[in-house]
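This report concerns only the one structure given below.
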Amino acid sequence: MAERVLMKGNEAIAEAAIRAGCRHYFGYPITPQTEIAAYMAKKMPKIGGVFLQAESEIASINMVYGASAAGMRVMTSSSSPGISLKAEGLSYLAGSDIPAFVVNVQRGGPGLGGIQPSQADYFQATKGGGHGDYRMIVLAPASVQEMASLTIKGFDLADKYNMTAMILADGTIGQMMEPITFEDEEIRQYDKPWALTGHEGKRPHNVVNSLYLKPEELERKNFERYERYKLVEENEAMWEEYMMEDAEYCVVAFGIASRVAKNAVVAAREKGIKVGLIRPITLWPFPKKVLEQAAEKVRGFVCVELSMGQMIEDVRLATNCKRHVGLVCRSGGMVPSPDEVLAGIENAVKGVY
Amino acid sequence: MKTTQILIAGFGGQGILFAGKFLAYKGLKEDLQVSWLPSYGPEMRGGTANCNIILSDTPVGSPIITTPDVLVVMNLPSLQKYVDTVAPGGQIYVDSTLIQEKVTRTDVEVFYVPATQLAREAGAGSLANMVLVGNLLQNHPELSFNGVDNVVNSMVPPKKAAMVELNMKVLTIGREYGR
């Protein structure tokens with residue numbers, strides 16, 4: 001087995017991206033994700049890649065657009081306010097149906113907010129952010145190891161479905177160090193016949209564009225795109241179940257919140273409360289089926305989020321409001337303690353939501 | 001199942017994060033599960049730094065420590081801020097050169113180590129952090145002193161090779177102190 005090394009979550013993303021064949025990084029520094037850019041600045045020139053610190057977030061996402069249109073594996077990374085600036089580019093990438101890999105190491109908001117960990121960009125990542133009918137694949141790592149494995153997965157899914165894959169992490173997972181192993185994974189290559197690589201007079205020229213002035217044509221494009229999204233929803237949802245076999249209550253949490261929630265689940269079990277955890281790993285597609293099934297057997301749900309309660313809406317939708325869904329939340333860069341989550345579980349048991 | 005939650009706190013520049021990294025690497029070498037979480041916020045830019053290290057023989061849940069088993073402090077504000085959070089039966093390591101105040105709690109073990117003075121006497125004024133780490137290792141057999149040199153070697157960049165010997169020297173001084 002490969003050696004265990006200690007790495008920061010941000011560095012793990014950068015190393016995994018290089019291993020996934022990414023040779024183009026465009027970004028603009030912002031706490032708490034700057035280690036990604038620093039790692040790329042050090043490594044890319046040595047392996048024939050491109051590291052470029054653009055003049056702004058808007059410039060960097062459009063450089064991603066350009067490199068992706070040329071068929072390259074390419075990425076950018078930022079944190080919450082920076083992702084808002086990139087939102088226009090994310091919509092253009094979606095409208096052009098080309099792959100991209102984007103990292104958001106979230107910090108407290110709204111506005112310039114703060115620099116401590118947050119999950120308050122859930123709506124932005126899963127419901128839009130940019131304008132128009134589109135989706136992104138949203139991956140939510142809960143460990144440094146997953147920062148790496150979901151990066152490799154994200155590049156693959158982006159190429160497989162010609163869409164943007166986003167890592168939605170937070171300041172804690174980005175800044176913390178944990179042991180990690182890199183296995184030599186096979187990286188799948190995808191044909192990109194649409195790529196702008198120079199036609200050399202041998203084929204009609206390609207155009208990558210998101211402008212469709214005829215509404216019939218634009219509607220058809222959107223219908224086609226949503227057929228593809230349907231495949232993603234059917235095939236790519238990922239989640240983890242923890243102590244759910246005999247659970248009467250179910251905590252739902254992703255990323256760093258799921259780590260805190262696990263401690264609370266263990267503490268609640270010690271008190272004799274039969275509680276488990278469902279951790280969505282993909283936030284879009286949301287793992288609806290497992291939650292729908294859980295609603296058949298548990299008495300209630302508790303959502304734990306570093307926001308005022310955003311994923312809770314998807315939990316209610318997935319379970320058709322069949323059970324009560326409680327909320328334990330902190331905001332603005334604060335993280336709930338295991339005791340706060342335990343109190344939320346105990347409230348659910350008492351029927352207090 | 002054994003889990004040790006260690007909180008190290010002090011001023012920026014005292015090597016708080018380095019001391020934490022050392023413990024995390026040592027845990028890694030002992031095949032433990034580890035997490036290391038630094039402060040990266042305004043408090044760090046304003047001068048104080050802290051880091052959370054968890055060493056466990058089972059997977060680490062939350063990397064955020066609310067009730068440390070071990071507190072290592074290198075300035076008075078950090079002692080005052082965290083003294084009441086330490087778990088009953090826990091340990092507190094105080095750099096007694098920099099902190100004159102005594103801990104009044106009676107349900108914790110307190111080790112007063114004049115780390116800054118000991119480091120200065122050893123000609124390594126900036127390594128008081130590692131004196132405290134050495135003292136901590138004395139009481140934590142799960143992080144045996146064996147192999148400490150390998151960890152120091154892997155953490156010190158080649159250009160600063162002279163620091164390897166100094167780190168080893170102060171770790172040993174810390175380990176011997178109070179024995």
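By convention in this document, chain letters (A, B, ...) are assigned in the order of the sequence lines, proteins followed by strands, and residues within each chain are numbered from 1. Keep in mind that the numbers below use all heavy atoms, side chains included, and drop hydrogens, waters and symmetry copies.
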Relative to the ring of A:F51, is the ring of A:Y25 parallel (under 30°), tilted (30 to 60°) or perpendicular (over 60°)? parallel

Ring pair (Phe, Tyr, Trp, His ring centres under 6.0 Å) partners for A:Y122, two or more places apart: A:F254

Within residues 64-76 of chain B, contacts to chain A at heavy-atom distances under 4.5 Å involve B:I64, B:T66

Would you mind checking which part of B:D31 comes under 4.5 Å of any heavy atom in chain A, side chain (CB onward), backbone (N, CA, C, O), both or neither? both

Are any side-chain N or O atoms of A:E248 and backbone N or O atoms of A:V298, one a donor and one an acceptor, separated by less than 3.5 Å? no

Looking at A:F182, does the NZ or CZ of A:R19 lie under 6.0 angstrom from its six-membered ring centre and within 45 degrees of the ring axis? yes

To the nearest 0.5 angstrom, please state how far the OG1 atom of B:T97 sits from the CZ atom of B:R120. 7.0 Å

Are any side-chain N or O atoms of B:D57 and backbone N or O atoms of B:K2, one a donor and one an acceptor, separated by less than 3.5 Å? yes

As an exercise: rank A:M177, A:M176, A:K262, A:K8 by heavy-atom pairs under 4.5 Å with chain B and give me the winner. A:M177

Surrounding OH of A:Y28 (heavy atoms of other residues, nucleotides or ligands, distance under 6.0 Å), is the total greater than 12? no

A:S143 side chain to A:E146 main-chain N or O, any donor-acceptor pair under 3.5 Å? yes

Sequence neighbours left out, what passes ring pair (Phe, Tyr, Trp, His ring centres under 6.0 Å) with A:F301? Give chain and number order. none

A:I256 portion near chain B, given a 4.5 angstrom heavy-atom threshold: side chain

Report, by ascending residue number, the residues of residues 328-337 of chain A in heavy-atom contact with chain B at a distance under 4.5 Å; give 'none' if the set is empty. A:V335, A:S337

Could you grab the distance from atom CD of A:E305 to atom CG of A:L327, nearest 0.5 Å is fine? 6.0 Å

A:S80 and A:D121: side chain donor to acceptor below 3.5 Å: yes

